[in-house]
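Whatever order the structure lists ligands and atoms in, that order sets their numbers, starting from 1.
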Amino acid sequence: MLDKLERLPADPILGLAAAARADTHPSKVDLTVGIYMDEQGVCPVFEAVKKAQAVLAEEEITKAYMPPAGDADFNNGMQRLLFGAAHPALAGGRVSSVQAPGGCGALRIGAEIVNAANPGARVWVSDPTWPVHIPLLGSVGLEFKSYRYYDPETHGVNFDAMVEDLKNATADDVVLFHGCCHNPCGADLTLEQWGVIADMAEQQGFLPFVDIAYQGLGDGLDQDAAGLRLLAERVPEMIVAASCSKNMGLYRERTGATVFVAKNQDSAEALVSQALVAARRVYSMPPSHGALIAGRILSDESLDKLWRTELVEMCGRINGLRKAIREKLEVSTGRDFAFIEKEKGMFSFLGLSAEQAVRLREEYSVYLLNSSRINIAGVNDNNIDHFATSVAAVL
Ligand SMILES: Cc1ncc(COP(=O)(O)O)c(C=O)c1O
């Protein structure tokens, strides 16, 4: 039976990362996978995580299953982190959540809930969007329609086109938004634009589904959540898929949450019961390690403070790199790269052709995706010059 199955090609991004690892060029630059890397090219463990982990290892007395909805400190902490402790939706008891295996698990549970409420619902996704959105949500049975988002000419959001497309979203539809630090383009909505989206959601009745995997890596924890907080004040219902992979560096611990803003407390509780049944069908129980760490950090004043300080440093380094990359590229190419400084988070499209991206990899050992998406955090003092002169060479 099983020998009928053919070998599938490797995931294109992971395949490029493997090629970068195998490359022996002394100045190779790996800008492929979306993980944060420090000046030494290492994806570091937060000090706050190390401390929380040490305490938990000391205290642990069982490996019995977690409660099906996950750790309470984690769920409550994530709700406060996303909405702010004083948000009216929280005060009204309209928010509920379940722990999920990473942002991907959170997206999947959100999709299961959408499909339970409206089988085969149409999900509007930005053009472009993170490619994993399609298989993750699509495998549940949801359909897709895309809305125009990124304009390669201006390197910004084509908001007029986005609004024009989303005018066609109905009360039976879901619209997927990137909460901040858009992957892959780095171009985010302004708060004013989020306000227009909230108006449309109110008038047209579509369900906003916000994927927030980079809170704290754009402008700061509160600033990065401002759009989703505004939506949650205005719309009766929404779903949020949150991840701690990037902002706590818990990538391999698979730590995320599906969060519901419901019409009332009853509905918020019903949604959790639905999510638990959906999870039971897919992976049964949530993993413990990452969520216990995150829950401990978010509920302990001194760990929380330490984590926030580390995150501010990380965010500062990314924004410093954006400035440095812009400056170096402008000097080496004589072209305008101001957009790199305006974008948020770890990603940017350099605006190169696939052919130029291939040349960068093959001739200069600078690894980026064919779409010319780069991970800003892969650049450091040691490789920035090689990166900038290589880009100039292929341009
Ligand atoms: C846009 C977006 N959403 C969600 C995720 C989910 O991340 P994870 O499942 O690793 O928490 C990612 C990770 O790269 C992402 O870029």
### Task
Identify, by atom number and element, the atoms of ligand 1 in contact range of D211, meaning under 4.0 Å from any of its heavy atoms.
1 (C), 2 (C), 3 (N), 4 (C)
### Task
Run the salt-bridge test on E301 and K305 with the 4.0 Å N-O cut-off and return the result as yes or no.
no
### Task
Do me a favour and list the nearest non-hydrogen protein atom to atom 7 (O) of ligand 1 with residue, atom name and distance?
S243 OG, 4.0 Å
### Query
Going by the atom numbers of ligand 1, which of them fall below 4.0 Å from some non-hydrogen atom of S245?
8 (P), 10 (O), 11 (O)
### Task
Look at atom 13 (C) of ligand 1 and say which protein heavy atom is nearest, naming residue and atom and giving the distance to 0.1 Å.
K246 NZ, 3.4 Å
### Query
Looking at the rings of W124 and F144, which for Trp means the six-membered one, are their centres under 6.0 Å apart?
no
### Protein heavy atom at shortest distance from atom 4 (C) of ligand 1
W130 CZ3, 3.3 Å
### Task
Kindly state each residue pair satisfying side chain to side chain donor-acceptor pair (under 3.5 Å) with at least one member in residues 255-267, sequence neighbours excluded.
Q265-E269
### Any N or O of N183 closer than 3.5 Å to N or O of ligand 1
yes
#### Entry: Y214 neighbourhood, listing ligand 1 atoms whose heavy-atom distance to it stays under 4.0 Å
13 (C), 14 (O), 15 (C), 16 (O)
### ligand 1 atoms in contact with A213 (distance to a heavy atom under 4.0 Å)
2 (C), 3 (N), 4 (C), 5 (C), 12 (C), 15 (C)
### Query
How about Y149 and H182: are their ring centres within less than 6.0 Å of each other?
yes
### Task
Can you sort out which atoms of ligand 1 are near C104, meaning under 4.0 Å from one of its heavy atoms?
6 (C), 8 (P), 9 (O)
### Query
Are the charged groups of D199 and R234 less than 4.0 angstrom apart, N to O?
yes
### Query
Is there a side-chain contact between V366 and H386 (heavy atoms, below 4.5 Å)?
yes
#### Entry: Any N/O pair H133/ligand 1 closer than 3.5 Å
no
### Query
So, R122 and D173, do they make that salt bridge, N to O below 4.0 Å?
yes
### Message
So for ligand 1, is G103 a polar contact partner (N or O within less than 3.5 Å, distance only)?
### Response
yes
### Query
Charged N to carboxylate O below 4.0 Å: is that the case for K323 and E341?
no
### Query
By number and element, which atoms of ligand 1 are closer than 4.0 Å to a non-hydrogen atom of R254?
8 (P), 9 (O), 10 (O), 11 (O)
### Message
Using ring centroids (six-membered ring only for Trp), state whether Y36 and Y251 fall under 6.0 Å.
### Response
no
### Query
Does G34 reach ligand 1 with a nitrogen or oxygen that is under 3.5 Å from one of the ligand's nitrogen or oxygen atoms?
no
